[in-house]
A.B. asks: 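Questions regarding the structure given below will be posed in turn.
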Amino acid sequence: MEMTKLAAKRSTCLRRHVGAVLVKDTRIIATGYNGAPSGVTHCEVTGCLRQKLNVPSGERHELCRGLHGEQNAIIQAALHGVSTEGATIYCTTKPCSICTKMIINAKISRIVYDEHYNDPLADELLKDTDIRVLQFKKEN
């Protein structure tokens, strides 16, 4: 989980810093953090579209210049030709419904997250799958 927090430090989002790490066969295959697509001006420069439009957290995910950490991790794996089938995705925050749909289609088998994120649609989608979802528990 520390690796997800490290990835999140690269985030350029003004509202929430999210990191994700894809692991398969005990090997990191990709990482991701939330922010604008490659080559696109970051929200740090343009300002937050969601704030400008007064969009509450958890709603209208498409009204954002950025990609989520989970999306970027899956895209990085695809870009480098690495299969995500059977992988575990570790996330600083429980995935939203859009990321959950991508996780399902990427055939990721397990989600481990640190902080809860309330998205009833994501929970409903996951009920129809065999994907294991676990909240990270720190060992003392």
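The model shown is predicted, which means the values in this text are computed figures rather than measured ones. Just so it is clear, the values below take in all heavy atoms, side chains as well, and ignore hydrogens, waters and symmetry mates.
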A.B. asks: Can you name the residues that form a ring-ring contact (aromatic ring centres under 6.0 Å, His included) with His42, not counting sequence neighbours?
C.D. replies: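 ring-ring contact (aromatic ring centres under 6.0 Å, His included) list for His42, sorted by chain: empty.
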A.B. asks: Scan side-chain atoms only and decide if Ser57 and Arg16 contain a donor-acceptor pair under the 3.5 Å cut-off.
C.D. replies: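 Note: Ser57 and Arg16 side chains meet the donor-acceptor criterion.
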A.B. asks: How many angstroms lie between atom OG1 of Thr92 and atom CE of Met3, to the nearest 0.5 angstrom?
C.D. replies: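 Result: 13.5 Å between the selected atoms.
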A.B. asks: So Tyr113 and Val133, side chain to side chain contact (heavy atoms under 4.5 Å, CB included) or not? Walk me through it.
C.D. replies: CA-CA 8 Å; Tyr113 66 93; Val133 181; 3.8 Å; yes
A.B. asks: Assess whether side chain to side chain contact (heavy atoms under 4.5 Å, CB included) is satisfied between Thr84 and Lys107, documenting all intermediate values.
C.D. replies: CA-CA 6 Å; Thr84 57; Lys107 297 189 184 287; 5.6 Å; no
A.B. asks: Report the C-alpha separation of Asp114 and Lys5 in whole Å, then their side-chain angles, then the decisive distance to 0.1 Å, and conclude whether the side chain to side chain contact (heavy atoms under 4.5 Å, CB included) test is met.
C.D. replies: CA-CA 10 Å; Asp114 191 19; Lys5 293 175 184 175; 3.2 Å; yes
A.B. asks: So, using salt bridge (charged side-chain N to carboxylate O under 4.0 Å, His left out) as the criterion, who are the partners of Lys94 when residues are at least two apart?
C.D. replies: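 Salt bridge (charged side-chain N to carboxylate O under 4.0 Å, His left out) check on Lys94 returns Asp123.
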A.B. asks: Distance check, rounded to the nearest 0.5 Å: Leu49 atom CG versus Gln51 atom CD?
C.D. replies: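 CD of Gln51 is found 10.0 Å from CG of Leu49.
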A.B. asks: Restricting to pairs with a member in residues 52-88, which pass ring-ring contact (aromatic ring centres under 6.0 Å, His included), not counting sequence neighbours?
C.D. replies: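 Output for this query lists His61-His68.
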A.B. asks: To the nearest 0.5 Å, what is the distance between CG (Asn118) and SG (Cys96)?
C.D. replies: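 Taking CG in Asn118 and SG in Cys96, the distance rounds to 12.0 Å.
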A.B. asks: To the closest 0.5 Å, what do you measure between CG (Asn34) and OG1 (Thr93)?
C.D. replies: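 Between Asn34 CG and Thr93 OG1, I get 8.5 Å after rounding to 0.5 Å.
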A.B. asks: Flag yes if Phe136 and Val18 sit in one hydrophobic cluster, no otherwise; membership is Ile, Leu, Val, Met, Phe, Trp, Tyr, and two members link when side-chain heavy atoms are under 4.5 Å apart.
C.D. replies: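 Hydrophobic grouping puts Phe136 apart from Val18.
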A.B. asks: Could you tell me whether the side chain of Arg50 and the main chain of Arg60 form a donor-acceptor pair under 3.5 Å?
C.D. replies: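 Judged by distance alone, yes, a pair lies under 3.5 Å.
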A.B. asks: Flag yes if Ile75 and Val21 sit in one hydrophobic cluster, no otherwise; membership is Ile, Leu, Val, Met, Phe, Trp, Tyr, and two members link when side-chain heavy atoms are under 4.5 Å apart.
C.D. replies: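 No.
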A.B. asks: Starting at CD1 of Ile103, measure out to SG of Cys91 and round the result to the nearest 0.5 Å.
C.D. replies: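 Ile103 CD1 to Cys91 SG: 5.5 Å, rounded to 0.5 Å.
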A.B. asks: Please determine whether residues Leu67 and Leu22 belong to a single hydrophobic cluster, defined as Ile, Leu, Val, Met, Phe, Trp and Tyr linked transitively by side-chain heavy-atom distances below 4.5 Å.
C.D. replies: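 Each belongs to a different hydrophobic cluster.
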A.B. asks: Would a single hydrophobic cluster contain both Met102 and Leu125, if residues Ile, Leu, Val, Met, Phe, Trp and Tyr are joined by side-chain heavy-atom contacts under 4.5 Å?
C.D. replies: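 Linked within one cluster.
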A.B. asks: Measure the CD1-CD1 distance between Ile89 and Ile131 for me, rounded to the nearest 0.5 Å.
C.D. replies: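 Answer rounded to 0.5 Å: 10.0 Å.
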A.B. asks: Can you tell me if Arg65 uses its side chain to pair, donor with acceptor, with the backbone of Thr41 under 3.5 Å?
C.D. replies: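 At least one qualifying donor-acceptor pair exists.
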A.B. asks: When you measure from the side chain of Lys24 to the backbone of Glu85, do you find a donor-acceptor pair of N or O atoms at a distance under 3.5 Å?
C.D. replies: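 Answer holds: yes.
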A.B. asks: Cluster question for you: counting only ILVMFWY and a side-chain heavy-atom cut-off of under 4.5 Å, with indirect links fine, are Ile104 and Ile108 together?
C.D. replies: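 Ile104 and Ile108: one cluster.
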A.B. asks: The test is side chain to side chain contact (heavy atoms under 4.5 Å, CB included); show your working for Met1 and Tyr90 and say whether it passes.
C.D. replies: CA-CA 7 Å; Met1 196 53 69; Tyr90 293 87; 4.3 Å; yes
